[in-house]
Amino acid sequence: MKVITVVGLGYVGLPLACLCAEKGKKVYGLEIDKRKVDLINSGTSPIEDEYLANKLRNLKGKINAASNPSDCIPNSDVLIVCVPTPVDKKNVPDLTALMESLSAISKFIKQGTLLVIESTIYPGTIEEVAVPMLKKQKFDAYKNDIFLAHCPERIDPGNKRWTIENLPRVVGGITKEATKKAAEFYRSIINADVIELSSVKAAEATKIMENTFRDVNIAFVNEMAQSFDKAGIDILEVIRGASTKPFAFMPHYPGAGVGGHCISVDPYYLIEKAKQLGFNHRFLILAREINNSMPHYTIELLENELKKIKKSVKGAKVGVLGLAYKANIDDIRESPSLEIINILKTKGGDVFVFDPHIKKGSNVKDIDELLNKSDYLILATDHAEFKNIDLNLLKKHKILAVIDGRNCLDKEKIKSMGILYHGIGRS
Ligand code: SAJ
């Protein structure tokens, strides 16, 4: 299994392509975005990620990025599909990218290829979508014409502790041989356990369970935060307290919302599929509603503080710190910041935005300009630059109120300067 094509060179595919190249495989990358193809072929990362940028620089010429399937699919022994599987405006799974890539692949794939889908999909997708598409090209995955399997991606952007190389993986194939081949491939590139599951559905369900588990736990603390706000209890202290229990408690943290292309999306893949099968995931749906309400809740907290000084959001100069959906990365997909900004503008606020990782999306050049132009702040993303801000700057720029959407600032210090402060479950 020497020649690999990674289909989709984004947050998931690009690290995988780098890893395969580092392990001595001949690597192609199939990517529809020509700009990305050119950047990658020149040894430059299209994603702001130091780890990736260094790897790509050292691997220049070892990853052949292409945008035409006929240039890479026919010569490949292994194809790994890492394309986005988002939801549409109604939170219905959108498999367009997956279907388009499988359709292109199936026209050029050669007999005996190992085809692994890493994109997050609902249980049943491979049997209902990938198998028939291969069948159209006369390949029967149940007879191992193509070894077809699922190995859910487990990338945590920005995480230096758990990387693509040391994260355990699960695999499940349409046949036992496909499972074995997929496991053999992953064992040849990662230094971690590769668990073989009994079916492709079990592998598809594993990823959904992992991320839905996280979503409901975040919803749990988001609801607790709202309750503790009424009771004047600092939720961070209580989470610290509960975390002293050495078993059966796993801390999650309230915030201004849940973004990203995993946690805020994956539950809908199961909710939708289960609906088709006649099961209503009341709990998962409620958790999504709670998490989706957090941007509004954050604005409510600001309005409560403004009321104390007889002000309202209308005409208020509000600085929003952070656009990215989580700390120290440049990804804004499903970011709560975007909704916070929309709500502020709808309520007539004058909004200034700064994100050191997304300068293009910012409307001020730096944090000083934002502080200078704002009377109130909402911290939406806990980038290191914001967590370590010199809080005296808030006093210097006469900031009147701070809503700490990630509970990452020193509330006592801010309050001691006579500035109104409220976090999420933290007053
Ligand atoms: N968030 C909270 N409270 C928390 C944790 C996260 O509000 O306690 C928010 C974040 O601010 C962000 C969103 O949820 O807006 C998602 O955060 P995340 O840390 O889960 O980051 P992701 O979306 O990059 O999730 C990835 C996932 N990895 C994969 O899907 C392979 C997820 O499974 C991991 O659990 C997660 O990283 C992680 O643990 O960092």
Side-chain angles (χ1 to χ4, degrees), residues 10-13 15-16 47 49 82 84-87 118-121 150-170 190 192 203-204 206-226 235-236 239-240 242-243 249-270 287-288 290-295 297-298 321-340 355 357 378-383 386-387 404-408 423-426:
Y11 288 89
V12 177
L16 178 63
I47 300 168
D49 178 309
C82 306
T85 45
V87 287
E118 284 207 2
S119 307
T120 304
I121 45 183
H150 181 57
C151 176
E153 61 96 353
R154 271 188 182 158
I155 292 267
D156 180 22
N159 191 328
K160 299 212 175 7
R161 164 84 183 82
W162 291 107
T163 66
I164 188 169
E165 193 163 358
N166 66 7
L167 269 163
R169 304 294 292 265
V170 295
I190 72 170
E204 293 165 324
T206 298
K207 172 64 180 291
I208 298 287
M209 176 173 269
E210 287 168 11
N211 284 358
T212 305
F213 169 84
R214 191 161 171 83
D215 195 48
V216 299
N217 275 284
I218 296 168
F220 163 67
V221 287
N222 279 334
E223 182 173 273
M224 296 293 276
Q226 295 176 62
I235 194 164
L236 276 198
I239 291 169
R240 227 180 0 259
S243 301
F249 180 79
M250 187 174 175
H252 288 74
Y253 298 92
V258 173
H261 59 297
C262 305
I263 309 304
S264 62
V265 169
D266 296 352
Y268 292 118
Y269 269 71
L270 180 58
R288 287 276 73 238
I290 291 172
N291 288 337
N292 287 340
S293 74
M294 295 313 285
Y297 184 70
T298 304
L321 293 172
L323 272 170
Y325 77 83
K326 79 172 185 179
N328 311 323
I329 65 169
D330 67 348
D331 190 343
I332 61 168
R333 283 177 291 181
E334 313 286 330
S335 174
S337 309
L338 302 175
E339 186 165 358
I340 288 169
D355 187 314
H357 299 265
I378 293 179
L379 184 142
T381 316
D382 45 345
H383 289 316
F386 299 151
K387 285 172 81 163
D404 184 357
R406 296 293 167 197
N407 292 337
C408 64
I424 311 292
R426 197 174 179 230

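Just follow the structure's listing: the first ligand is 1, and inside any ligand the first atom is 1.
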With a 4.5 Å cut-off on side-chain heavy atoms, are Thr298 and Ile424 touching?
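Counting from C-beta outward, Ile424 and Thr298 do come under 4.5 Å.
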A side-chain contact here means heavy atoms from C-beta on lying under 4.5 Å apart; do Pro254 and Ile239 qualify?
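Yes, at least one pair of side-chain atoms sits under 4.5 Å.
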Rounded to the nearest 0.5 Å, what's the gap from CG on Asn159 to CZ on Arg154? Could you check?
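So the CG of Asn159 and the CZ of Arg154 are separated by 13.0 Å.
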Taking side-chain hydrogen bond (donor to acceptor under 3.5 Å, both in side chains) as the test, write out the residues that go with Arg406, two or more places apart.
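Once residues adjacent in sequence are excluded, Arg406 has no partner under the side-chain hydrogen bond (donor to acceptor under 3.5 Å, both in side chains) criterion.
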Partners passing ring-ring contact (aromatic ring centres under 6.0 Å, His included) against His357 (at least two apart in sequence or in another chain)
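With neighbours one apart ignored, the set is His383.
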By salt bridge (charged side-chain N to carboxylate O under 4.0 Å, His left out) - contacts of Arg426 (at least two apart)
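Listed in chain order: Asp234, Asp404.
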Name the residues in contact with ligand 1, where contact means a heavy atom under 4.0 Å away: which are they?
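Around ligand 1, where the cutoff is 4.0 Å for heavy atoms, the contacting residues are Glu153, Arg154, Ile155, Asp156, Pro157, Lys207, Asn211, Arg214, Ile218, His252, Tyr253, Gly257, Val258, Gly259, Cys262, Ile263, Tyr325, Lys326, Arg406.
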